[in-house]
Amino acid sequence: MTITSPHIGSSKAWTDAQLLYALEEVVEKELNRHLKVAKDWMPHEYVPFSDGRNFPGIFEDGQAWEAEQSKVTDIGKIALVVNLLTEDNLPSYHHEIASLFGRDGAWGTWVHRWTAEEGRHGIVMRDYLLTSRAVDPDKLEQFRMVHMAEGFESDNRHSMLHSVAYVAFQELATRVSHRNTGHQSGDPVCDRMLARIATDENLHMVFYRNLLGAAFELAPDLTMQSVRDVVVNFRMPGHGMPGFERAAAQMAIGEIYNMRIHHDDVLQPVLRYLKVLEIDGLGPEGLKAQEELGLYMSGLDSEASKFDEKLAARKARMVARGKA
């Protein structure tokens with residue numbers, strides 16, 4: 001894969017403003033493609049409202065939540081709360097990308113469309129959780145207040161290219177997390193709901209992935225450095241929520257999201273599709289970033305293999321205890 005240098009000079013000459021302008025036509029093309037394939041859907045159609053009951057409060061017949069009322073597995077509860085709290089921060093995400101990408105032209109149209117589509121996810125997940133009594137509603141609201149009151153700042157807010165690179169991977173990571181949560185939830189209704197959300201997230205990933213590919217054509221060295229930085233320092237957007245580290249560890253053991261999944265199902269598909277590690281014609285800084293990216297991926301694969309071994313050993317011990 002041969003990449004040509006930008007017409008205005010070396011990749012170092014690119015500013016965020018120039019890149020935004022240069023990529024406008026690509027954004028418009030990808031937006032039009034997205035609108036053709038994306039299907040509107042109704043959040044209320046995925047919620048089992050007939051299962052709903054009043055909670056204590058203004059209703060005299062309110063029934064307090066008890067863990068036994070939930071149809072969802074323990075790992076499903078943990079992951080659903082993490083996933084919903086992540087979706088709850090949509091106002092902050094909108095502010096971040098609207099500030100970086102702007103509110104005018106094709107960029108602005110995409111920003112608002114993306115926000116509108118993402119808004120469905122929090123709506124349907126909360127309605128499902130409350131109606132089905134899947135999790136403690138009081139704790140859920142307390143977590144939401146703490147999480148949102150903390151505020152959110154992206155690790156990549158300093159750079160338009162870093163932000164595009166991040167969301168290309170993050171949208172896929174979110175899709176994988178939702179899909180695996182559905183599989184592990186133990187509730188077919190929950191699984192169908194999260195499958196619908198995952199479809200949206202995949203389309204969002206495709207938009208940003210294709211945009212990232214266009215950025216490689218324009219500014220290969222800068223884009224390579226951005227991808228290297230994002231991959232090496234990747235964090236999920238919900239990292240600041242209450243108890244995230246413990247929940248993330250439980251989700252890793254529960255095979256909803258862990259190092260192996262991150263390597264195989266999130267990083268590799270994007271890197272492979274764009275042939276990032278095969279790009280030639282790079283300058284010194286781009287080549288250095290590409291080499292460091294390759295080394296990091298190799299190291300992550302090794303660490304994931306060690307995790308796989310530990311997880312397999314843990315499963316074997318649990319099976320042995322169950323037979324004892």
Side-chain angles (χ1 to χ4, degrees), residues 1-41 87 90-121 154 156-175 196-227 230 237 269-276 279 281 286:
M1 181 177 182
T2 302
I3 302 294
T4 58
S5 299
H7 296 297
I8 66 170
S10 73
S11 60
K12 291 184 179 179
W14 288 103
T15 64
D16 276 4
Q18 289 171 329
L19 282 167
L20 286 167
Y21 180 78
L23 289 168
E24 180 90 24
E25 288 187 10
V26 180
V27 172
E28 183 175 4
K29 175 185 174 183
E30 290 302 315
L31 173 62
N32 290 334
R33 179 198 54 76
H34 176 84
L35 293 176
K36 288 180 181 179
V37 298
K39 295 182 180 179
D40 283 338
W41 55 280
E87 299 288 354
L90 181 60
S92 292
Y93 308 148
H94 173 84
H95 173 75
E96 290 274 351
I97 66 170
S99 298
L100 276 167
F101 300 155
R103 295 174 173 82
D104 301 318
W107 280 105
T109 302
W110 166 253
V111 166
H112 297 309
R113 173 72 189 195
W114 175 87
T115 302
E117 291 183 3
E118 287 285 342
R120 292 188 180 120
H121 304 169
S154 168
N156 303 288
R157 63 189 180 280
H158 63 288
S159 161
M160 172 266 188
L161 271 182
H162 281 75
S163 296
V164 170
Y166 176 74
V167 289
F169 295 106
Q170 180 267 320
E171 292 284 4
L172 184 52
T174 304
R175 179 227 180 240
R196 177 59 259 189
I197 293 174
T199 299
D200 280 0
E201 303 290 8
N202 198 64
L203 290 178
H204 296 163
M205 177 278 293
V206 170
F207 178 95
Y208 286 118
R209 182 198 65 192
N210 292 351
L211 190 58
L212 186 62
F216 268 115
E217 294 286 345
L218 287 171
D221 288 334
L222 285 179
T223 306
M224 186 67 72
Q225 293 172 71
S226 298
V227 170
V230 164
V270 176
L271 295 176
R272 188 183 305 115
Y273 182 89
L274 297 176
K275 300 181 180 179
V276 173
I279 293 174

Heavy-atom distance under 4.5 Å between the side chains of Ser159 and Tyr166, does that happen here?
no
Among His94, Glu171, His34, which residue meets the side-chain hydrogen bond (donor to acceptor under 3.5 Å, both in side chains) test with Trp114?
Glu171
CE-CH2 distance between Met160 and Trp107, expressed to the nearest 0.5 angstrom
3.5 Å
Measure the spacing between CD1 of Ile279 and CZ of Phe216 and express it to the nearest 0.5 Å.
4.5 Å
To the closest 0.5 Å, what do you measure between CG (Leu20) and OG1 (Thr15)?
8.0 Å
Taking the ring of Phe101 and the ring of Trp110, is the distance between their centroids below 6.0 Å?
no
Quick one: does Arg103's side chain get under 4.5 Å of Val111's, heavy atoms only?
no
Heavy atoms only: give me the nearest Glu217-Pro220 pair and the separation to one decimal.
O-CD, 4.3 Å
Partner of Val26 under side chain to side chain contact (heavy atoms under 4.5 Å, CB included), picked from Leu211, Asn210, Leu218, is Leu211
Test Arg113 against Glu117 for salt bridge (charged side-chain N to carboxylate O under 4.0 Å, His left out), laying out the working first.
CA-CA 6 Å; Arg113 173 72 189 195; Glu117 291 183 3; 2.5 Å; yes
Decide side-chain contact (heavy atoms from CB on, under 4.5 Å) for Thr199 and Lys39; before the verdict, give the C-alpha distance in whole Å, the side-chain angles of both, and the deciding distance to 0.1 Å.
CA-CA 10 Å; Thr199 299; Lys39 295 182 180 179; over 6 Å; no
Residues His121 and Trp41: closest non-hydrogen pair is CD2-CZ2, 3.9 Å
Please list, chain by chain and in numerical order, all residues satisfying side-chain hydrogen bond (donor to acceptor under 3.5 Å, both in side chains) with Ser92, sequence neighbours excluded.
none
Do Arg209 and Leu172 have side chains that get closer than 4.5 Å, going by heavy atoms?
no
Start with the C-alpha gap between Val27 and Phe207, add the side-chain angles, then the distance that decides, and say whether side-chain contact (heavy atoms from CB on, under 4.5 Å) holds.
CA-CA 8 Å; Val27 172; Phe207 178 95; 3.9 Å; yes
Between Asn32 and Glu28 (side chain of the first, backbone of the second, donor and acceptor by atom type, cut-off under 3.5 Å), is there such a pair?
yes
Looking only at heavy atoms, which two atoms of Asn156 and Leu100 are closest? And how far apart?
O-CD1, 4.5 Å
Could you check if a side-chain atom of His204 sits within less than 4.5 angstrom of a side-chain atom of Thr174, using non-hydrogen atoms only?
no
Could you check whether any side-chain N or O of Glu24 sits under 3.5 Å from a backbone N or O of Ala106, counting only pairs where one atom can act as donor and the other as acceptor?
yes
Contact check, side chains of Arg120 and Arg196, non-hydrogen atoms, under 4.5 Å
no
What are the two closest heavy atoms between Ala214 and Leu23, and how far apart are they?
CB-CD2, 3.8 Å
Heavy atoms of Ala219 and Leu19 approach each other most closely as CB-CD2, 4.3 Å
Could you give the distance from CG (Leu203) to CD (Glu201), rounded to the nearest 0.5 Å?
9.5 Å
Inter-residue atom distance Arg157.CZ - Ser99.OG, 0.5 Å rounding:
11.5 Å
Identify the residue among Thr223, Val227, Leu222 that makes a side chain to side chain contact (heavy atoms under 4.5 Å, CB included) with Gln225.
Leu222
If every non-hydrogen atom of Leu161 is compared with every non-hydrogen atom of Ser226, which pair is closest and at what distance?
CB-OG, 3.4 Å
